[in-house]
Structure formats: structure tokens, C-alpha cells
Amino acid sequence: DVVMTQTPVSLSVSLGGQVSISCRSSQSLVHNNGNTYLSWYLQKPGQSPQLLIYKVSNRFSGISDRFSGSGSGTDFTLKISRVEPDDLGVYYCGQGTQYPLTFGSGTKLEIK
Amino acid sequence: EVKLLESGGGLVQPGGSMRLSCAASGFTFTDFYMYWIRQPAGKAPEWLGFIRNKANGYTTEYNPSVKGRFTISRDNTQNMLYLQMNTLRAEDTATYYCARFGTGYFDYWGQGVMVTVSS
């Protein structure tokens with residue numbers, strides 16, 4: 001199985017600040033078709049996960065441009081700029097390239 | 001608007017059975033793979049299995065951790081997804097979600113339903 005390793009486990013940021021979350025996979029996430037199926041999800045307290053970013057850098061419908069994804073191969077990053085109170089929660093990366101699909105263990109974002 | 005609404009959770013004894021349902025609306029249900037995913041408290045999500053779309057014959061695949069105990073089915077006339085869970089164990093305690101699968105990602109999730117396996 002592809003192991004997804006997220007760092008840091010948690011981070012605290014001031015409102016208006018910027019944060020980066022790293023996600024590394026144990027194998028390349030480049031699919032045979034040339035696409036890289038790395039996605040990012042936010043799970044707000046008491047809610048289900050919601051899709052933020054898909055295929056490394058594509059923002060899902062309605063997602064603010066404060067969220068951006070980058071990376072390739074096995075190394076990926078989610079950046080959140082101008083952090084707002086509604087951004088708090090747990091962020092997960094997930095890979096959809098190889099079965100079984102797997103998720104990272106999460107990064108908890110707290111607001112200072 | 002895409003909506004997924006799970007039902008059927010609750011408390012069940014070890015060794016018991018439970019069926020979860022997921023009502024889908026707002027999209028052409030038969031076009032999509034549908035997944036069941038669970039999340040133990042404080043842990044990352046884990047996919048349990050999925051059922052393919054019409055174009056791929058509605059076949060199923062399962063995580064080895066639940067294969068043989070869990071069965072996924074769908075009623076395409078009612079836009080319903082089901083998860084039949086048998087021989088439940090304490091480690092099956094989690095929040096269970098149904099999710100729509102885009103290409104390589106889960107674009108919509110239900111609100112989740114809690115399943116507690118305990119005597």
C-alpha cells in the first residue's frame with residue numbers, strides 16, 4: 001500500500017498568516033495515464049471531510065484561492081494564505097493513483 | 001446540489017450485523033463510482049470498498065480488512081447505496097461515510113453515521 005506521510009502533525013498560526021503542510025508518498029503518484037492523483041481535504045470540527053484540491057493543484061468548486069497545492073512525484077505541499085478562523089480543522093492528503101486508496105494521518109491547524 | 005445522506009447507524013453487539021444506507025441526490029447516480037469510508041475517532045479515514053458505475057458493470061471491490069464481512073450494493077432506481085456489515089467487531093467502531101468518487105478523489109461526502117460495536 002502507498003503510505004502517505006504528513007508533516008507537521010499540528011501547527012498554530014495567527015489570523016492572516018500563511019502555513020504550509022507537507023505530504024510525502026512512499027511511491028510515485030504518477031498514474032500510467034500521466035495524471036497525479038493527489039488530493040487535499042479539510043475536516044472541520046464535527047463535520048465530514050471536504051475536498052479542497054485535486055490532482056495536485058486544482059481547486060475544487062467554491063474553494064478560495066487562498067488554498068494552493070503544488071508538488072510532483074512523491075512530494076506535495078498545501079499552502080494556506082491569509083488564514084481565516086474558518087480554516088481550522090484537520091487537513092488530510094489522499095492518493096487516488098493506486099489501490100487501495102490511502103490518506104495521510106492528518107495535520108491539525110489551530111488558530112493562535 | 002449534490003447531497004449524500006447516510007442512515008442506519010447505532011449500537012450493535014460484537015458479532016452482530018447492521019446495514020447502512022446512503023441516499024444520493026443532485027447528480028446522475030449511475031455515472032459514478034460510490035465508496036464507503038470509515039473514520040475511527042481521532043484517526044484518518046479508511047476506505048472500505050466501492051461499487052463501480054453503470055459503464056463498469058456495478059462491480060465491487062473491498063479493503064482486505066473487511067472483505068468477506070462487508071457487502072456494498074446499490075439500488076439505481078432509488079439512488080441508494082448500501083453497506084451490509086456482518087460479524088461486527090469492536091474495531092469496526094467508527095463514523096461511516098458514503099462518498100462520491102470523481103477521478104482519483106472524493107468530491108462529495110455524506111455527513112456520516114456513527115457505528116458503535118460494544119456489548
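What you see is a predicted model; the values in this text were computed from it and never measured. Naming convention: chains lettered A, B, ... in sequence-line order (proteins, then strands); numbering from 1 in each chain. Heavy atoms only: backbone and side chains are in, while hydrogens, waters and symmetry mates are out.
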For this session: Please lay out, stage by stage, how B/Phe101 and A/Leu101 fare under the test side-chain contact (heavy atoms from CB on, under 4.5 Å).
Result: CA-CA 11 Å; B/Phe101 192 64; A/Leu101 309 189; 3.5 Å; yes
Exercise. Do any pairs count as a salt bridge (Lys or Arg N to Asp or Glu O under 4.0 Å) and have a residue in residues 109-119 of chain B, sequence neighbours left out, and if so which ones?
Worked result: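 Output for this query is empty, none listed.
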Exercise. Which pairs count as salt bridge (Lys or Arg N to Asp or Glu O under 4.0 Å) when at least one residue sits in residues 66-77 of chain A, sequence neighbours excluded?
Worked result: A/Arg24-A/Asp75, A/Arg66-A/Glu84, A/Arg66-A/Asp87
Are [X] and [Y] in one and the same hydrophobic cluster, where Ile, Leu, Val, Met, Phe, Trp and Tyr link if side-chain heavy atoms are under 4.5 Å apart?
X	Y	result
A/Leu109	A/Leu15	yes
A/Val3	A/Ile21	no
A/Ile53	A/Leu11	yes
B/Met80	B/Leu5	no

Note each donor-acceptor pair with a separation under 3.5 Å, taking one atom from chain A and one from chain B.
from, atom 1, to, atom 2, distance (Å)
A/Tyr41, OH, B/Phe106, N, 2.9
A/Gln43, OE1, B/Gln39, NE2, 2.8
A/Gln43, NE2, B/Gln39, OE1, 2.8
A/Gln43, NE2, B/Tyr97, OH, 3.2
A/Ser48, OG, B/Gly110, O, 3.0
A/Tyr92, OH, B/Gln39, NE2, 3.2
A/Tyr92, OH, B/Lys43, O, 3.3
A/Tyr99, OH, B/Tyr35, OH, 3.2
A/Leu101, O, B/Trp47, NE1, 3.2

For this session: Taking all non-hydrogen atoms of both residues into account, name the closest pair between A/Gly104 and B/Ala44 and its distance.
Result: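 Here A/Gly104 and B/Ala44 meet closest at O-CB, 3.3 Å.
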For this session: Against chain B, work out which of A/Gly96, A/Gly94, A/Gly46 has the most heavy-atom pairs shorter than 4.5 Å and name it.
Result: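 Top option by heavy-atom pairs under 4.5 Å: A/Gly96.
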Exercise. Which residues pass the ring-ring contact (aromatic ring centres under 6.0 Å, His included) test with A/Phe67, sequence neighbours left out?
Worked result: none
